[in-house]
There are 2 protein chains.
Amino acid sequence: EKVVVSGVTYDKNTSRITITEIPDIPGMAAKVFTPISDAGIVVDMIIQGSSGEKGLANLSFTVPKADFEEAMKIVEKISKEIGAGPVHGDPNIAKVSIVGVGMRHHAGVATKMFNSLSQANINIMMISTSEIKISCVIDERCTELAVRVLHDAFGLDKEPEEEG
Amino acid sequence: EKVVVSGVTYDKNTSRITITEIPDIPGMAAKVFTPISDAGIVVDMIIQGSSGEKGLANLSFTVPKADFEEAMKIVEKISKEIGAGPVHGDPNIAKVSIVGVGMRHHAGVATKMFNSLSQANINIMMISTSEIKISCVIDERCTELAVRVLHDAFGLDKEPEEEG
Ligand SMILES: C[C@@H](O)[C@H](N)C(=O)O
Ligand SMILES: C[C@@H](O)[C@H](N)C(=O)O
């Protein structure tokens with residue numbers, strides 16, 4: 001499978017919420033997201049890496065900037081109910097992604113993306129991958145620079161597209 | 001956009017590695033993954049949620065079971081070089097995913113998946129989402145049960161497919 005990174009996309013209309021020190025037992029993720037979906041808030045990325053500390057997990061997710069305050073309130077209430085820890089949020093983020101086919105079978109594509117962001121001194125706050133897309137959350141002020149360096153790194157000519 | 005969850009897939013040939021307490025500065029993700037891709041190890045999921053502690057981040061990723069030992073050795077060496085913390089690994093995991101279109105615009109799909117795993121008392125160790133797929137890492141012994149409850153929850157008739 002030849003790797004074809006066909007484009008770079010970005011989304012500035014996003015914000016991040018992280019709920020920390022969640023008891024790592026069945027049912028907690030459902031408890032966090034049920035009130036979010038009941039409120040009709042559309043969630044883009046949901047990320048849980050396995051955490052280092054025994055028995056506790058962090059859950060991060062992204063919502064449109066307009067829903068940030070409401071989602072923060074919901075999650076702070078839930079955190080108390082389920083005995084989790086502090087809730088952190090950051091509305092000043094953007095997501096930049098490279099899209100293409102066959103990326104999963106090539107470990108080098110993600111490394112190339114991380115390398116090019118690092119050379120531009122852009123800090124990566126969140127990472128999420130799928131077969132057709134690798135996304136990094138960065139400081140919103142770095143969006144244009146990130147899109148340009150990714151464009152160059154992958155030799156793309158076309159104008160980057162903003163995600164819908 | 002109507003949500004159409006069209007299938008459930010699973011992958012038992014996977015293992016998880018987490019490197020904790022990484023200095024959250026530009027360049028660290030590139031330092032972790034360069035030797036992995038140089039060794040030709042194919043990485044499936046890469047997950048970085050934003051961590052709670054100031055200035056430190058955890059990075060988790062999955063590799064085929066056959067590459068687990070080698071990847072653990074590489075990452076333990078890197079962790080020392082970049083001043084990160086302990087490395088945790090778990091080769092006894094599986095990934096279960098629901099696939100479909102239009103999922104991103106419906107917050108309820110992920111919640112429904114988490115709810116059905118929780119009712120079967122299956123603990124979710126990692127979560128990663130994209131527009132067409134929501135993946136959960138679970139204990140490998142729960143794979144068949146997870147596939148069955150997800151099948152039922154989303155009213156799917158077809159046999160689940162194993163990921164290639
Ligand atoms: C943290 C959360 O994912 C928990 N492990 C659950 O299964 O719901
Ligand atoms: C943790 C790691 O992602 C770091 N923030 C980087 O940009 O490389």
Side-chain angles (χ1 to χ4, degrees), chain A residues 16 18 20-21 24-34 36-52 57-60 85-86 88 90 104-108 110-111 114-115 117-137, chain B residues 16 18 20-21 24-34 36-37 39-52 57-60 85-86 88 90 104-111 114-115 117-137:
Chain A
R16 155 182 86 68
T18 299
T20 65
E21 301 167 21
D24 196 5
I25 56 174
M28 293 297 111
K31 280 208 170 42
V32 169
F33 287 101
T34 298
I36 304 271
S37 40
D38 287 352
I41 295 176
V42 171
V43 173
D44 180 23
M45 298 163 78
I46 300 175
I47 293 182
Q48 177 187 342
S50 41
S51 101
N58 293 351
L59 263 176
S60 296
H88 305 279
D90 184 355
R104 192 171 140 191
H105 299 290
H106 295 266
T111 306
F114 302 152
N115 264 315
L117 293 174
S118 118
Q119 275 151 16
N121 210 28
I122 295 171
N123 191 41
I124 302 168
M125 299 172 170
M126 292 166 84
I127 302 171
S128 179
T129 62
S130 78
E131 283 82 359
I132 57 167
K133 192 174 193 177
I134 301 175
S135 297
C136 290
V137 165
Chain B
R16 159 182 80 72
T18 299
T20 66
E21 302 168 18
D24 196 3
I25 56 174
M28 293 297 108
K31 280 206 171 45
V32 169
F33 286 102
T34 298
I36 305 266
S37 41
I41 295 176
V42 171
V43 173
D44 180 23
M45 298 162 77
I46 300 174
I47 293 183
Q48 177 189 343
S50 40
S51 99
N58 293 350
L59 264 175
S60 296
H88 306 277
D90 186 353
R104 192 172 144 190
H105 299 290
H106 296 264
V109 176
T111 306
F114 302 151
N115 263 313
L117 293 174
S118 119
Q119 275 149 18
N121 211 28
I122 295 170
N123 192 43
I124 302 167
M125 299 172 169
M126 293 165 85
I127 301 172
S128 180
T129 62
S130 78
E131 283 81 357
I132 56 165
K133 190 172 189 176
I134 301 175
S135 297
C136 289
V137 166

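Nothing here was measured: the structure is a model prediction, and the numbers come from that model. The chains referred to below are lettered A, B, ... by the order of the sequence lines, with proteins before strands, and numbering in each begins at 1.
Counting only heavy atoms from C-beta outward, the side chains of A:Met45 and A:Arg16 never approach each other to under 4.5 Å. Side-chain contact check for A:Asn115 versus B:Thr34: some heavy-atom pair is nearer than 4.5 Å. In this structure the side chain of A:Phe114 never reaches within 4.5 angstrom of the side chain of B:Val32, judged on heavy atoms.
Scanning both residues, A:Ala29 and A:Leu59, for their nearest heavy atoms gives CA-CD1, 4.1 Å.
Your options are B:Val137, B:Asp90, B:Asp44, B:Ile25, and the one with the most heavy-atom pairs under 4.5 Å with chain A is B:Asp44. Highest contact tally toward chain B, considering only A:Ser118, A:Gly85, A:Pro26, A:Gly27, is held by A:Pro26 [criterion: heavy-atom pairs under 4.5 Å].
Within 6.0 Å of NZ in A:Lys133 there are more than 12 heavy atoms belonging to other residues, nucleotides or ligands.
Interface remark: A:Gln119 contributes no atoms to any contact with chain B (heavy atom separation under 4.5 Å). In this structure, chain A has a heavy atom under 4.5 Å from the side chain of B:Ile132, while its backbone stays farther away. Proximity to chain B involves both the backbone and the side chain of A:Ile124, based on heavy atoms less than 4.5 angstrom apart.
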